[in-house]
Amino acid sequence: MEISRKTDYAIRMLSSLVRNPKKLLSVRDAAEENDIPYSFARSIQHDLVIAGVIVSTRGARGGMMLAIDPTQVSVLDIVEAVQGPVFISNCEWAGPNNEPCPRHNSCYFGPLWCSAEKTLRNFFASVTLHQVVVEGLMPEMVGEFQLVKNENAQRNEQIIQNAADAIEAEITAGTFDNLLDGEVVSAEKKPYEFNRAW
């Protein structure tokens, strides 16, 4: 995921408003203060009004003000308002007609990308505009990442365990007498069949 130039400029403009929440700020002043081309700042102002982040008034004494409470709105809220959902990879929706990826159940790395995306979203969601701009705070991970098994690995382990349990049950029942050169020889001379319940 890349923070777009538009998002970067929008965050800069909003930081000016967060520092002066009661003051009307002209688009021109915001553009000059934050080194943003004026025409681009006008376009961003329009998008922020539509998103409900700011209110804008026209005229000589016009300008823009926050329409949101910066102590309650996260960085994630603003990023997604400006450039859409945060994605690391579109692999979850790689199938036709926006269906889940057909390789979802057998992919090793899909769960990794999805976990990274969740981590990034949580990172941006954990801090408000006010905390970043006024309080000078930023999120920081304390401790280390823990490795956990993804759903595919858990499912594969369950399949292996079910097969092992089925074989153990056959051995206990006496229908699994000999294992010679990798060939299963049943006492009843019946071919072994896995329990397909799983």
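Throughout, numbering of the chain's residues begins at 1 and tracks the sequence.
Side-chain N or O atoms of D77 include one that pairs as donor or acceptor with a backbone N or O of S74 at under 3.5 Å. The main-chain N or O of S4 is found under 3.5 Å from a side-chain atom of Q83 such that the two form a donor-acceptor pair. Side-chain N or O atoms of S126 include one that pairs as donor or acceptor with a backbone N or O of F123 at under 3.5 Å. Judged purely by atom type and a 3.5 angstrom limit, N34 has no side-chain atom pairing as donor or acceptor with the backbone of I36.
Considering V75, V18, I11 as possible partners of V132, the one that fulfils the side chain to side chain contact (heavy atoms under 4.5 Å, CB included) test is V75.
Side chains of R12 and D35 form a contact here, defined as non-hydrogen atoms less than 4.5 Å apart. Using a 4.5 Å heavy-atom threshold, the side chains of R42 and H46 count as separate. Between V86 and E80 the shortest side-chain heavy-atom distance falls below 4.5 Å.
Rounding to the nearest 0.5 angstrom, the gap separating the OG atom in S16 from the CD atom in E32 is 11.5 Å. Distance check, rounded to the nearest 0.5 Å: OG of S39 to CD1 of I44 gives 9.5 Å. A distance of 8.0 Å separates CG of L137 from OG1 of T128, quoted to the nearest 0.5 Å. From M64, atom CE reaches atom CG of L25 across 4.5 Å, with rounding to the nearest 0.5 Å. If you take CG on L14 and CZ on R19, they are separated by 11.0 Å, rounding to the nearest 0.5 Å. Taken from CG in L17 to CG in L24, the straight-line distance is 9.5 Å, to the nearest 0.5 Å.
When the side chains of ILVMFWY residues are joined at heavy-atom separations under 4.5 Å, either directly or via intervening members, M13 and V55 end up in two distinct hydrophobic clusters. Linking Ile, Leu, Val, Met, Phe, Trp and Tyr whenever their side-chain heavy atoms come within less than 4.5 Å leaves L129 and V127 in two separate clusters. A continuous path of ILVMFWY side-chain contacts below 4.5 Å connects V49 to V82, so both sit in one hydrophobic cluster. Clustering ILVMFWY residues whenever any of their side-chain heavy atoms sit less than 4.5 angstrom apart, transitively, puts L48 in the very cluster that holds V133. Under a hydrophobic-cluster definition in which Ile, Leu, Val, Met, Phe, Trp and Tyr are linked whenever side-chain heavy atoms come within less than 4.5 Å, directly or via other members, I54 and Y38 are assigned to the same cluster.
Minimum heavy-atom separation, M65 to P21: CE-O, 3.5 Å. Closest approach of L76 to R121, counting heavy atoms only: CD2-O, 3.8 Å.
For residues 48-57, every residue pair satisfying the side-chain hydrogen bond (donor to acceptor under 3.5 Å, both in side chains) rule, not counting sequence neighbours, is listed here: Q45-S56.
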